[in-house]
Amino acid sequence: MLPKVPAEAKNLALGCAVTSSAKEAAAGDFSFLTDGDKNGEEGFECELPRGMQWMQIDLAKEVDVHAIALWHFHRERRVYFCVVVQLSDDPDFKKGVTTIYNNDVENELGLGKGKDYAYYESNEGRVMPVAGVKARYVRFYSKGNSATPSNDYVEAEVWGVPAK
């Protein structure tokens with residue numbers, strides 16, 4: 001369930017370009033992150049190699065973000081580690097970065113110590129409210145999960161409106 005967002009808000013991530021810290025996916029395709037399929041069927045997730053990895057969505061223009069929803073692989077009960085979600089207008093995430101969610105309580109990724117709780121992934125995904133932050137890029141970090149050392153992404157939604 002989405003938090004309260006403006007009536008004109010849409011999922012601006014649908015069909016957007018996706019890049020990653022990995023040169024290629026270990027399984028699946030980067031485009032699965034924004035294809036609109038949240039079911040999480042085996043073979044329709046993007047699996048990144050073990051260790052710290054990220055996936056990034058280019059929204060193509062600056063937007064006002066009001067909510068983000070993220071689905072990791074959820075066909076098995078798993079907790080994903082060091083999940084950090086950030087927004088920026090900088091494609092390299094070196095300046096103007098806003099952290100939306102951070103459960104990296106030990107600061108293993110070096111992005112700051114998180115205060116958000118880890119959670120069991122489910123078909124409902126994880127919905128994060130955002131206070132109308134202006135951004136063009138969304139980056140999702142993780143570092144393995146409770147079942148495997150890989151980083152498995154199913155879908156991401158970025159609810160917002162074009163910036164004024």
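Heavy atoms only: backbone and side chains are in, while hydrogens, waters and symmetry mates are out.
- Considering CD1 of I68 and CG of N11, their distance stands at 10.5 Å, rounded to 0.5 Å.
- Taking a 4.5 Å side-chain heavy-atom cut-off between Ile, Leu, Val, Met, Phe, Trp and Tyr, the cluster of F81 extends to V79, Y120.
- Scored by the side-chain hydrogen bond (donor to acceptor under 3.5 Å, both in side chains) test, K10 finds no partners at all (sequence neighbours excluded).
- In this structure, E24 places its CD atom where only 12 or fewer heavy-atom neighbours from other residues, nucleotides or ligands lie under 6.0 Å away.
- Here N145 contributes atom CG and E76 contributes atom CD; the two are 8.5 Å apart, rounded to the nearest 0.5 Å.
- The backbone N or O of C16 lies less than 3.5 Å from a partner atom in the side chain of T34, making a donor-acceptor pair.
- Interatomic distance, H74 NE2 to E124 CD, rounded to the nearest 0.5 Å: 10.0 Å.
- Between Q53 and the options S21, S150, S20, a side-chain hydrogen bond (donor to acceptor under 3.5 Å, both in side chains) holds for only S21.
- Minimum heavy-atom separation, S146 to R78: OG-CA, 3.4 Å.
- Under the 4.5 Å side-chain criterion, counting only non-hydrogen atoms from C-beta, W71 is not in contact with Y153.
- Ion pair E106/K113 not flagged as a salt bridge, since none of the NZ, NE, NH1 or NH2 atoms sits closer than 4.0 Å to an Asp/Glu carboxylate oxygen.
- A donor-acceptor pair under 3.5 Å is absent between the side-chain atoms of S142 and the main chain of G144, judged by distance alone.
- Annotation for F93: atom CZ counts as buried by contact number, over 12 foreign heavy atoms lying within 6.0 Å.
- In this structure, the salt bridge (charged side-chain N to carboxylate O under 4.0 Å, His left out) partners of D58, at least two apart in sequence or on a different chain, are R136.
- Inter-residue side-chain proximity for K134 and L87 is flagged as unmet; no heavy-atom pair is nearer than 4.5 Å.
- Linking ILVMFWY side-chain heavy atoms closer than 4.5 Å, directly or via other members, places V84 and M52 in a single hydrophobic cluster.
- The hydrophobic clustering, which links ILVMFWY residues whose side-chain heavy atoms are closer than 4.5 Å, places V83 and V158 together.
- Inspection of the D90 and S88 side chains reveals no N or O donor paired with an N or O acceptor under 3.5 Å.
- With hydrogens and angles ignored, the 3.5 Å screen pairs no side-chain donor or acceptor of D64 with any backbone N or O of A163.
- Here the side chains of H72 and L70 are in contact, with some heavy-atom distance below 4.5 Å.
- Evaluated for a side chain to side chain contact (heavy atoms under 4.5 Å, CB included) with V65, the options V130, I100, T98 yield exactly one hit, V130.
- The two residues V127 and P129 make their nearest non-hydrogen contact at O-CD, 4.0 Å.
- A heavy-atom distance below 4.5 Å is not found between the side chains of L33 and D29.
- The side-chain heavy atoms of H66 and P6, taken from C-beta on, include a pair separated by under 4.5 Å.
- The distance from atom CD of Q86 to atom CG of N102, rounded to the nearest 0.5 Å, is 8.0 Å.
- R126 forms no cation-pi arrangement with Y101, by the criterion of a distance under 6.0 Å to the ring centre and an angle within 45° of the ring axis.
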Checking D104 against K143 for the salt bridge (charged side-chain N to carboxylate O under 4.0 Å, His left out) test, could you report, in this order, the C-alpha distance in whole Å, the side-chain angles of both residues, the deciding distance, and whether it holds?
CA-CA 9 Å; D104 182 7; K143 188 179 177 190; over 6 Å; no
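- Counting only heavy atoms from C-beta outward, the side chains of E155 and D35 approach each other to under 4.5 Å.
- Closest approach of A67 and V5 over heavy atoms only: CB-CG1, 3.9 Å.
- With hydrogens and angles ignored, the 3.5 Å screen pairs no side-chain donor or acceptor of N103 with any backbone N or O of G114.
- In this structure a side-chain-to-backbone donor-acceptor pair under 3.5 Å is present from N107 to G112.
- Summarising the geometry of I57 relative to V18, their closest heavy-atom pair is CG1-CG2, 4.3 Å, with the distance given to 0.1 Å.
- Rounded to the nearest 0.5 angstrom, E47 CD and T148 OG1 are separated by 6.5 Å.
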Kindly determine whether N151 and W54 satisfy side-chain contact (heavy atoms from CB on, under 4.5 Å), including the steps that lead there.
CA-CA 9 Å; N151 301 280; W54 53 258; over 6 Å; no
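- Across every non-hydrogen atom of A22 and P49, the tightest pair is CB-CD, 3.7 Å.
- A salt bridge between E157 and K38 is present, with a side-chain N of the basic residue lying under 4.0 Å from a carboxylate O of the acidic one.
- Using modelled atom types, one finds a donor on one side chain and an acceptor on the other under 3.5 Å when comparing Q56 with R139.
- In the hydrophobic clustering of this structure, F73 does not group with Y141; members are Ile, Leu, Val, Met, Phe, Trp, Tyr whose side-chain heavy atoms approach within less than 4.5 Å, directly or through other members.
- The hydrophobic clustering, which links ILVMFWY residues whose side-chain heavy atoms are closer than 4.5 Å, places L109 and V105 apart.
- Under the 4.5 Å side-chain contact rule for hydrophobic residues, Y80 and F32 do not share a cluster.
- The shortest side-chain heavy-atom distance between M128 and V85 falls under the 4.5 Å cut-off.
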